Number of protein chains: 2
Amino acid sequence: MDTEIVEMLRGKGLKVTPQRLAVMKLLSRGGHFNGEQIYEELKKNEPSISLSTVYNALEALENAGIVNSFEANGITWYEMATKAHINVFCLDTKEIIDVSANLQDIENQLMEKGFDVKNVSVVAYASCNKVSNK
Amino acid sequence: MDTEIVEMLRGKGLKVTPQRLAVMKLLSRGGHFNGEQIYEELKKNEPSISLSTVYNALEALENAGIVNSFEANGITWYEMATKAHINVFCLDTKEIIDVSANLQDIENQLMEKGFDVKNVSVVAYASCNKVSNK
DNA sequence: TTTTATCTTAGAGTAATTAAAACTTATCAT
DNA sequence: ATGATAAGTTTTAATTACTCTAAGATAAAA
């Protein structure tokens, strides 16, 4: 239901717009999307949406702590802000795979050093070894 | 002395060019540089160098495992490939600060899952709390 | 010292993102 | 419900950070 998302946005003091709802619904499906992918996907239902709006919405959602972003392969990727994990960029398939890991020590170490940590991004570049590379 | 660098490049099967030497000497000073910064710095001594050459040299050096790169704040940063560490992007000063940390578990976990890991990038976005933000 | 594969250069080209300006809308207080 | 207003959206243009190409130059092997 949309109600949850609506309340989530309201709770963070964000205006609830159809565009933001659509971004949230897409990201809620799970996985990783870049700006262009989100734009292309949302255009299917709402052809008038613009790429700027997508980026604006993502920025607002990220600032509110609902969405998380990281950079890999020269692109910014967005995902729902859930539990911290490793994002593995597969050099064979160019897919991003979530790998769970305990990253709490990292954040703790930084806090101990006096940093006020907003986001920790762990990106690994690797071959998944499941593809035949001739 | 340049001899060390020359031998390092030769050992990796790379041609030794004045441009690559210059990139290596700059990165050897320590710290993090982006393509434009390296270009601007090298131009001081060799005005004919081009930005493409900088990126080409960095790519060759990275492929050889001599140089490491990571992305932060929409920019690719280059550093000498030394011990794995956390790169903290300070949201106040926009500087990148190295923070040592044990990242071996991360790489091990990925290896156990069958990944052939080429590079692990840990980037934290944080305030250093040493700057007065009015 | 000639050969040749590789590198460098200059400049054009591209992809991803950001900015500006004008218009539209979600929310709140009537 | 209504109207004000702050915030969000759209379109278009601009910017940033690379990336590519083609032609000339050069490091290193023979």
Side-chain angles (χ1 to χ4, degrees), chain A residues 2-3 5-24 32-43 45-64 66-67 69-78 89 94 96, chain B residues 2-3 5-24 26 32-43 45-64 66-67 69-78 89 94 96 123:
Chain A
D2 291 3
T3 326
I5 299 177
V6 169
E7 283 172 6
M8 191 172 209
L9 299 183
R10 288 243 169 81
K12 297 288 188 179
L14 295 178
K15 275 194 186 178
V16 178
T17 67
Q19 295 83 355
R20 285 173 181 180
L21 273 179
V23 170
M24 286 294 288
H32 317 79
F33 302 84
N34 63 41
E36 187 71 25
Q37 288 174 338
I38 295 170
Y39 174 58
E40 290 302 330
E41 193 60 31
L42 301 198
K43 260 206 307 201
N45 283 320
E46 189 50 64
S48 74
I49 196 166
S50 83
L51 188 51
S52 291
T53 299
V54 170
Y55 280 111
N56 288 341
L58 289 167
E59 187 187 10
L61 295 168
E62 184 168 18
N63 287 338
I66 302 170
V67 162
S69 78
F70 62 93
E71 293 164 39
N73 207 36
I75 292 173
T76 305
W77 301 90
Y78 298 87
F89 182 87
K94 316 300 182 200
I96 294 166
Chain B
D2 290 4
T3 326
I5 300 176
V6 170
E7 282 172 7
M8 192 170 209
L9 299 184
R10 289 241 170 83
K12 296 289 186 177
L14 295 178
K15 274 194 184 178
V16 178
T17 67
Q19 294 83 353
R20 287 174 178 179
L21 272 178
V23 169
M24 286 295 288
L26 174 55
H32 317 78
F33 302 85
N34 63 41
E36 188 70 27
Q37 288 173 339
I38 296 170
Y39 174 58
E40 289 303 328
E41 192 61 31
L42 300 198
K43 260 206 310 199
N45 284 320
E46 189 50 65
S48 75
I49 196 167
S50 86
L51 188 52
S52 293
T53 300
V54 170
Y55 281 110
N56 288 342
L58 288 168
E59 187 187 11
L61 294 167
E62 184 168 18
N63 287 339
I66 302 170
V67 162
S69 77
F70 61 95
E71 293 165 41
N73 206 36
I75 292 172
T76 305
W77 301 91
Y78 299 88
F89 182 87
K94 314 301 181 201
I96 295 166
V123 177

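Keep in mind that what you see is a predicted model, and the values were worked out from it rather than measured. The sequence lines fix the lettering, A, B, ..., with proteins before strands; numbering per chain opens at 1.
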Between B/Ser69 and B/Glu62: side-chain donor-acceptor atoms closer than 3.5 Å: yes

Nearest-nucleotide comparison on DNA chain C, the residue closer to the 5′ end among A/Pro18 and B/Leu14: B/Leu14

Provide, to the nearest angstrom, the distance between the CD atom belonging to A/Glu46 and the C1' atom belonging to D/dG8. 14 Å

Report each atom pair, protein N/O against N/O of nucleotides 1-6 of chain D, whose distance is under 3.5 angstrom.
unit_1, atom_1, unit_2, atom_2, d
D/dA6, N3, A/Lys15, NZ, 3.4

Yes or no on side chain to side chain contact (heavy atoms under 4.5 Å, CB included) for A/Tyr39 and A/Ile49, after CA distance, side-chain angles and deciding distance? CA-CA 8 Å; A/Tyr39 174 58; A/Ile49 196 166; 4.2 Å; yes

Is it the case that the side chain of B/Glu71 and the backbone of A/Gly74 share a donor-acceptor pair, with hydrogens and angles ignored and the cut-off at 3.5 Å? yes

Using side-chain heavy atoms (C-beta onward) and a distance below 4.5 Å, is A/Thr53 in contact with A/Val23? no

Which is true for B/Thr53 with a 4.0 Å heavy-atom rule: it touches a base, it touches only sugar-phosphate, or it touches nothing? base

Where each residue is assigned the nucleotide of DNA chain D containing its nearest heavy atom, which of B/Thr17 and A/Arg20 is assigned the position nearer the 5′ end? A/Arg20

Determine the interplanar angle of the A/Phe70 and A/Trp77 rings, folded into 0 to 90°, and report it as parallel if under 30°, tilted if 30 to 60°, perpendicular if over 60°. parallel

Which heavy atom in A/Val67 sits nearest to a heavy atom in A/Met24, and how many Å separate them? CG2-SD, 4.4 Å

Please write out the pairs of protein N or O atoms and N or O atoms of nucleotides 18-22 of chain D separated by less than 3.5 Å, giving the distance to one decimal.
unit_1, atom_1, unit_2, atom_2, d
D/dC18, OP1, B/Thr76, OG1, 2.8
D/dC18, OP2, B/Thr76, N, 3.4
D/dC18, O5', B/Tyr55, OH, 2.4
D/dC20, N4, B/Ser52, OG, 2.5

I'd like to know whether A/Gln19 forms a side chain to side chain contact (heavy atoms under 4.5 Å, CB included) with A/Leu42, so could you lay out the CA-CA distance, the side-chain angles of the two residues, the decisive distance to 0.1 Å, and finally the verdict. CA-CA 8 Å; A/Gln19 295 83 355; A/Leu42 301 198; 6.0 Å; no

Heavy-atom distance under 4.5 Å between the side chains of B/Glu36 and B/Glu40, does that happen here? yes

Between A/Gln37 (side chain only) and A/Asn34 (backbone N and O only), is there a donor and an acceptor less than 3.5 Å apart? yes

Rounded to whole Å, the CG-P distance (B/Asn73 to D/dT16) equals 13 Å

Less than 4.5 Å apart, side chain to side chain, heavy atoms only: is that true for B/Arg20 and B/Thr17? yes

Of all nucleotides in DNA chain C with an atom under 4.0 Å from a non-hydrogen atom of chain A, which is the first and which the last going 5' to 3'? C/dA16 to C/dT27

Looking at B/Glu59 and B/Asn56, would you say the former's side chain and the latter's main chain have a donor-acceptor pair under 3.5 Å? no

